[in-house]
Amino acid sequence: MAPQITLYFLQASRCIRTAWLLEELDLDYNVKFAPRENGAAPPAFKKEAGGLGKFPMLIDGDLTLAESGNIAEYLCDTYDTTHRVLPALGNPKRYAVLQWVHASEATFALHGLAILYARWNQKSGNVEETEAGLSKNVVKDLEYFEAELAKSGGKFLLGDEITAADISMHFSLVFILARELGTKERKFERTEKYIKDCEATESYRKAVEKSGHQL
């Protein structure tokens, strides 16, 4: 029987979060993959996926879902019956996990993208000065992340077991460091070690192999 879950996967994107979570939950799924064309999603792929043409896009039976955080919460609530990756409703640890799921986009990615968009789009003034000003937010974010990671008592954000928090945060951190978004001439060694620990997990390796993800 063919899997009912289909993941629309755009290369070099947040889609790796969803693929990783699907592997962590040991779910069967199809991948519809597209490389970027001139740095963007191919128009036909966007049209096929529907919605705003943003990725990831997940289809599960008759249900179509967008936004990586929303997809994560849906998959965990639907298939994580032991509440291993996302604790149950009412459990305080659930909200500790979801805080990172949301922060991965609303704080970390947002502050990083502000710098990237300045590089791409600022036509007048001193772009380096703009980036220097915006970098303060990124540095503050990463310093906070490293302080919280130190408190966890394990390799990951809530100990030694992967949760939806790590699956969401990993991509944002890799994106920021790889593009040097506010991190030029700075080292965040604890963050770099955390990224390696995430990428050493079997579920992450399987997700990369199946999806073809590269940043």
Exercise: identify the closest heavy-atom pair between [X] and [Y]:
X	Y	value
A109	R14	CB-NH2, 4.4 Å
S152	L157	CB-O, 3.2 Å
L181	I115	C-CD1, 3.6 Å
F108	L142	CE2-N, 4.2 Å
V97	V85	CG1-O, 4.2 Å
L158	A165	CD1-CB, 4.2 Å

- prompt: Taking the six-membered ring of Y29, is the NZ or CZ of K210 close enough (under 6.0 Å from the centre) and on axis enough (within 45°)?
  reply: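 Checked: cation-pi criterion met.
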Any non-hydrogen side-chain atom of [X] less than 4.5 Å from a side-chain atom of [Y]?
X	Y	value
R205	E199	no
R179	L215	yes
F45	F55	yes
V139	T183	no
F9	K32	no
F33	S211	no
T18	L21	no
L86	L98	yes

Just checking, is any N or O donor in the side chain of [X] or [Y] under 3.5 Å from an acceptor N or O on the other one?
X	Y	result
E24	S203	yes
E48	Y8	yes
Y74	D60	yes

[X] with [Y]: basic N within carboxylate O range, under 4.0 Å:
X	Y	value
E180	R186	no
R17	E105	yes
E202	K206	yes
E131	K184	yes

Just by distance, do the side chain of [X] and the backbone of [Y] share a donor-acceptor pair under 3.5 Å?
X	Y	result
D160	K155	yes
D166	I162	no
Q214	A12	no
Q122	S124	yes
R36	A41	no
T78	L75	no
N91	P87	no

As an exercise, state the distance from [atom1] of [X] to [atom2] of [Y], rounded to the nearest 0.5 Å.
X	Y	atom1	atom2	answer
I5	D28	CD1	CG	8.0 Å
H83	T163	NE2	OG1	14.5 Å
W100	S172	CH2	OG	11.0 Å
C15	I71	SG	CD1	8.0 Å
S168	Q99	OG	CD	12.5 Å
N137	T107	CG	OG1	9.5 Å

When you group the ILVMFWY residues by side-chain heavy-atom contacts below 4.5 Å and let the links chain together, are [Y] and [X] in the same group?
X	Y	result
V127	L134	no
F188	F145	yes
L110	F171	no
L58	L10	no
I59	L7	no

query: Yes or no on side-chain hydrogen bond (donor to acceptor under 3.5 Å, both in side chains) for D26 and Y79, after CA distance, side-chain angles and deciding distance?
result: CA-CA 9 Å; D26 197 25; Y79 297 107; over 6 Å; no
Can you tell me if [atom1] on [X] sees more than 12 non-hydrogen neighbours from other groups inside 6.0 Å?
X	atom1	result
E148	CD	yes
Y95	OH	yes
E67	CD	no

message: Applying the side chain to side chain contact (heavy atoms under 4.5 Å, CB included) criterion to I16, which one of I167, V208, V174 satisfies it?
response: V208
task: For residues H170 and Y204, establish whether the separation of their ring centroids is below 6.0 Å.
output: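 Here the rings of Y204 and H170 have centres that are less than 6.0 Å from each other.
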field: CA sep, side-chain torsions, deciding dist, call: I195, L177, side chain to side chain contact (heavy atoms under 4.5 Å, CB included)
entry: CA-CA 10 Å; I195 289 170; L177 295 185; 3.8 Å; yes
query: Who pairs with E192 by salt bridge (Lys or Arg N to Asp or Glu O under 4.0 Å), at least two apart in sequence or on another chain?
result: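 Salt bridge (Lys or Arg N to Asp or Glu O under 4.0 Å) check on E192 returns K187.
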